[in-house]
Amino acid sequence: MLKPIRRVACSPALAACQQMMQRFALWLCDPATTGALISQQGLQPPVLASAIEANWLWGFLQRVDAGQSLLSRAQTVAAMPPAQKADMAVWIQTVSALVTQFQPAPNQWPINRPVASELGWRAFKALMEAFYEKGFRSGLPYLPNGTPTAAGGVSYAEYVSAFRSEHRLSLSPHAREVCVLCGGPLGDTPHVDHWIIKSAFPLLSVCADNLQLICNTCNEAPNKGDKPVHSKGSFADWFHPYLRPGNGALQLDYVLPELSVRCAATTPADQSKAGNLDGLLNLSSRWTREFKAEYASHQDVLIRREKRRIQSGQPRHTAVEILSYVQQWQADLAASEPHYEVRQALATALQEPSRLAAWHSELNLV
Ligand SMILES: [Zn+2]
C-alpha cells in the first residue's frame, strides 16, 4: 500500500481460474447436480467452458486431501439439500462480485459463512482451498494470458517470480527488495498473502485481486494474521491492494519531541482508511521502531566522529556541520531502498531547529 501494487503478466491466468472455480461451484450448487454427474464426461462444456478445463478439473478431483479425494468433497457439496445449495449459490455470487464492493452502493458483504451443514461447508472449503494448495502449486490449466492450455500452465512459483520482478524498485539484481505494504525489506521469506483470508472465503483462494507478495512481518500476527480487512462487512473505510490502492494516499507524519512516526492520510477523506490499515499492520509502531533505530545509528556515527576530533585536537562539530551531515544523508537516500519513507521523515524531522539543537547538545562530550 505504501508502494504501488500492480497486477502481473500472469494475473489473467488466475482470473480465469477464479472464473472456473465460480462456474464449478455454482454447478455443484445447482439443484439438478448430483454426485453421479461429476465425471470427466459430466464436466465437459457447457458445464465448464472448455474441454481442456474439464479434463484438468477431472484430474484435479482425483487428488487426495487429508485422506479424502477432492472428488468425494465435490460429491458432498452436490449432495447438500436444495435450500442449502441455494444459500451457498447466493454466497458464491456475492463473493465472486468482490469488485462491486469498491463501487458505489455495494451489497452487504457476507461476514458469516453460508447456511450449510458443517459437513457441507467443510467439503466446500477443502475443495476450494485445494485449487490454491494443490492446483496452483502444480500448475493451472491456463497460459499467462488466461487461454486454456493442456500443459505448462501458470504455477505458484511462476506467479511469485512474476510478482517479485514486477515490483522490483532497482535495476540491480542484487538490490534489496521492498515490501509493497510497509515499505520495509521484503526479506528472504516473503509470503503470498490472501488479502481476504482464504479460510473464511476459500472461493477467493486463487483470485488475482486477492493475492500479493508481502514481507513475513506484515503477514504474521500480531500484524495482519487472520484479521478482517473490512468493518462488519463494509469495505467503505478500507483500502484494497488493487481495487482501492493506498499508495499516494498515505503519508508518514513525525511527532517531535518523542521521535515517533504516524501512518496518516494525505486527505481527510482517507483518514479512516489509513487508520484501519495502521490497525491491521501496526505500521505506526513498526515505522517508529525503524525511525528510532535509524536515528540512533546516525547519532552513533556523529558521536564517534566527535570523539575522534577530540582525540586529535580538532575543532568540535558545529550546528552547521550537523545540519550539513543530515542534508547530505538525505540527498543520498534512494527511493528504491527499504524504509525510504521512514528515513525521509527522519531526515526532515532532524532538520527542525529544536531537534537540531538537541542533537548538537547530545554531542557535548566531555
Ligand atoms: Zn511488509
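Just the heavy atoms: all of them, side chains too, but no hydrogens, waters or symmetry mates, feed the values below. Read the numbers this way: they start at 1 and go in the same order the structure lists the ligands and their atoms.
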- Item | Trp287 reachable from Val255 in the ILVMFWY side-chain graph, under 4.5 Å edges | no
- Query: Does Arg355 pair with Glu362 as a salt bridge, N-O distance under 4.0 Å?
  - Reply: yes
- Task: Answer yes if the side chains of Tyr325 and Glu321 hold a donor-acceptor pair under 3.5 Å, and no otherwise.
- Result: no
- Task: Group every Ile, Leu, Val, Met, Phe, Trp and Tyr by side-chain heavy-atom contacts under 4.5 Å, then state whether Met21 and Val99 land in the same group.
- Result: yes
- Give a yes or no answer on whether the side chain of Lys273 reaches the backbone of Arg244 with a donor-acceptor pair at less than 3.5 Å. no
- Take the Zn ion (ligand 1) and tell me which protein N, O or S atoms are nearer than 2.8 Å. Cys179 SG, Cys182 SG, Cys215 SG, Cys218 SG
- Task: Answer yes or no: is there an ion pair linking Lys198 with Glu133, defined by an N-O contact shorter than 4.0 Å?
- Result: yes
